[in-house]
There are 2 protein chains.
Amino acid sequence: MSKLPSLKNLTYLLALHQHQNFNRAAQACFVSQSTLSSGIQNLEEQLGCQLIERDHKSFLFTGMGEEVVERAREILTHTEELVNFAQSQGNIMEGPLRIGCIPTIGPFILGPLSKALKQNYPKLSLYIREDTTHQLMNLLRDGDLDVLILALPVDLQGNQQWVVGKDPFKMALVPELAKLAGEPVDYNKLPNKSIFLLEKEHCMTGHAVTACRLGNKDKINPFTASSLHSLIQMAEALQGATFVPQMAIDAGILNGSDLIITEPGDGEAYREIGLVFRPTTSRRQTFRKLAEVLAEFLPISTLN
Amino acid sequence: MSKLPSLKNLTYLLALHQHQNFNRAAQACFVSQSTLSSGIQNLEEQLGCQLIERDHKSFLFTGMGEEVVERAREILTHTEELVNFAQSQGNIMEGPLRIGCIPTIGPFILGPLSKALKQNYPKLSLYIREDTTHQLMNLLRDGDLDVLILALPVDLQGNQQWVVGKDPFKMALVPELAKLAGEPVDYNKLPNKSIFLLEKEHCMTGHAVTACRLGNKDKINPFTASSLHSLIQMAEALQGATFVPQMAIDAGILNGSDLIITEPGDGEAYREIGLVFRPTTSRRQTFRKLAEVLAEFLPISTLN
DNA sequence: TACTATAATCGAATAATCTGATTAGCTTTT
DNA sequence: AAAAGCTAATCAGATTATTCGATTATAGTA
């Protein structure tokens with residue numbers, strides 16, 4: 001049995017991979033550049049293969065280096081989970097829980113969700129990050145987040161998902177358009193460029209268009225909003241229409257607005273809400289409890 | 001972020017769990033008893049919880065200790081796999097491969113299998129262990145084996161399986177009984193206690209009885225054999241019948257015997273052969289290649 | 001040319017790990 | 001009851017590994 005590499009050296013390798021720079025990686029690990037440099041060399045020696053190609057000035061991870069990084073990441077995540085588990089005495093609802101959430105969900109459920117979690121599990125220390133699906137997936141992969149609350153479907157990239165509930169889409173329009181379009185809304189009766197959407201970075205844009213079966217792209221206004229709140233403002237100010245998720249309406253996003261809420265298009269229009277996590281996690285029990293609490297704050301729960 | 005435990009201390013914990021004795025565990029790790037003792041204490045301190053209950057003379061693993069052992073085992077296995085992968089330069093068919101196989105399969109395919117593997121992948125170093133399904137599952141869990149070749153179905157205990165092929169059961173009987181029973185064999189025409197089986201430790205006993213639909217237990221002789229070879233001897237010497245897998249017949253187990261080979265009972269009588277491995281392994285690609293080679297030596301391949 | 005930034009290298013300081021001897025508690029043997 | 005044999009824990013000292021700061025070499029930039 002050959003000698004195992006030290007976890008410390010593996011973290012050095014991960015930091016180097018993340019920062020692509022010895023100095024910054026060393027800083028991130030709170031060690032000197034020389035320590036990190038020799039740590040990497042040590043690792044290469046132990047593993048008997050080159051992990052990075054040196055180029056006198058810069059460097060590049062080899063294919064093997066990338067593979068080792070990926071495996072090392074999993075090992076370190078597992079070890080951290082082991083430590084957390086032990087330090088919280090096996091209580092799965094203690095210790096740090098790092099949740100990622102998209103901006104078209106976060107503002108409407110994270111408040112009550114974290115309040116309920118704090119109340120039921122006071123020893124749980126929540127860290128919450130709000131970002132786009134794409135960014136959150138990166139943070140999940142890198143082990144910077146434990147679990148994501150996302151709107152589905154999503155490109156899982158090897159991760160695992162649990163569907164927790166549904167969030168219906170409504171259409172919000174100015175009174176004039178509401179009269180014109182009827183209920184459920186007949187998109188053909190709306191003027192061209194009268195429907196406002198979020199920037200394409202938000203997955204809600206695609207989900208809404210698909211779920212509400214908005215086929216005619218001419219109805220879409222080319223100006224996009226960067227948040228649901230500004231989307232509402234935009235639709236109202238420019239005498240248009242837009243899609244709003246039920247949970248946002250429940251949270252009172254339309255309070256003080258003159259927009260009319262109606263059913264969009266034909267058929268069931270909703271997005272699914274779910275949890276996404278690494279398939280190699282050892283915190284499924286924790287996520288299950290999280291899913292149960294989360295389900296309470298969704299318009300429609302489909303848990304179990 | 002709290003400090004991570006050292007892999008060394010985790011191996012100490014695993015050794016202690018396996019040997020249930022500080023001295024023997026220390027020996028197995030090639031360190032002194034004091035080193036192992038302080039290593040464990042160190043670990044408990046870092047994790048902030050008790051892993052073993054000391055009882056003035058002996059000790060017992062706590063519930064948390066058992067859980068930590070299980071997680072530590074996974075971490076260490078992953079790390080070993082990382083080292084092997086790196087040291088064999090990413091070539092998945094290099095380095096050590098530890099295979100477990102049951103005695104009613106091993107003697108008939110391990111020869112040609114390992115010959116083919118050696119030929120196609122000369123840098124692969126095979127270690128092969130032959131034991132009962134139960135024992136092999138323990139060795140797999142403990143990380144002492146990488147993959148098992150078993151007859152299915154089997155209690156997976158959380159492991160993953162791939163079905164690779166089928167191995168039909170035949171009935172071998174002395175000529176007198178063959179005339180009596182016809183083909184396919186009508187068990188009712190056989191005398192009581194005329195069918196011989198392996199010891200119940202062998203999973204083939206159950207598989208054969210089920211697959212060949214032998215309902216009437218009165219036909220079974222209470223004397224059992226401890227190997228297929230002695231089973232054949234027994235059936236011949238005591239003028240009886242028995243079930244023999246096709247792969248054993250192909251390997252010539254009945255050469256020099258007067259037993260007649262016939263179809264057993266009604267319908268398709270076979271056992272499935274498959275690979276079993278830890279779901280957390282990172283050597284699926286290696287096992288896939290192994291499955292492909294294995295399939296060639298099975299009477300019927302069902303791969304893909 | 002001087003300046004900045006990069007990664008590697010080296011010796012000395014520091015931290016960790018390991019050992020062997022010893023202790024203390026308990027069981028078995030004499 | 002005493003002695004011998006295990007057990008695991010403890011401690012001082014030796015050994016080994018890790019880390020740092022300073023320095024070097026190289027390349028790009030002002």
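Quick note on labels: first sequence line is chain A, next is B, and so on, each numbered from 1. These numbers were taken from a predicted model, which means no experiment stands behind them.
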Residue-phosphate contact under 4.0 Å: B:Tyr12 side-chain N/O, C:dC18 OP1/OP2: yes

B:Lys8 vs C:dC18: side-chain N/O to OP1/OP2 distance below 4.0 Å: yes

Residues in ring pair (Phe, Tyr, Trp, His ring centres under 6.0 Å) contact with A:Phe277, at least two apart in sequence or another chain: A:Trp162, A:Phe287

Atom-pair distance ([atom1] on [X]; [atom2] on [N]), nearest Å:
X	N	atom1	atom2	value
A:Leu7	D:dA17	CG	P	17 Å
B:Lys3	D:dT18	NZ	P	11 Å
B:Phe22	D:dT10	CZ	P	11 Å
B:Glu45	C:dT17	CD	P	12 Å
B:Asn21	D:dA8	CG	P	5 Å
A:Asn9	D:dT19	CG	C1'	12 Å
B:Asn42	C:dC18	CG	C1'	13 Å
B:Gln46	C:dA15	CD	P	17 Å

side-chain hydrogen bond (donor to acceptor under 3.5 Å, both in side chains) between B:Thr281 and B:Glu81, worked out: CA-CA 8 Å; B:Thr281 189; B:Glu81 285 175 346; 3.0 Å; yes

Nearest-nucleotide pick for [X], side chain only, options being [options]:
X	options	answer
B:Phe59	D:dT7, D:dA8, D:dA9	D:dA8
A:Asn23	D:dT18, C:dT19, C:dT6	C:dT6
B:Val31	D:dA9, C:dT19, D:dT19	C:dT19

Any pair counted as ring-ring contact (aromatic ring centres under 6.0 Å, His included), so long as it reaches residues 132-156 of chain A, sequence neighbours left out: none

Side-chain ion pair, A:Arg98 and A:Asp144, N-O less than 4.0 Å: no

Can you tabulate the close N/O pairs, meaning under 3.5 Å, that link protein atoms to atoms of nucleotides 9-14 of chain C?
unit_1: C:dT9; atom_1: OP2; unit_2: A:Gln41; atom_2: OE1; d: 2.9

Any pair counted as side chain to side chain donor-acceptor pair (under 3.5 Å), so long as it reaches residues 25-44 of chain B, sequence neighbours left out: B:Ser32-B:Ser34, B:Ser32-B:Thr35, B:Ser37-B:Gln41, B:Asn42-B:Gln46, B:Glu44-B:Arg54

Of all pairs that satisfy side chain to side chain donor-acceptor pair (under 3.5 Å), the ones with a partner from residues 14-26 of chain A, not counting sequence neighbours: A:His17-A:Glu66

By salt bridge (charged side-chain N to carboxylate O under 4.0 Å, His left out) - contacts of B:Glu130 (at least two apart): none

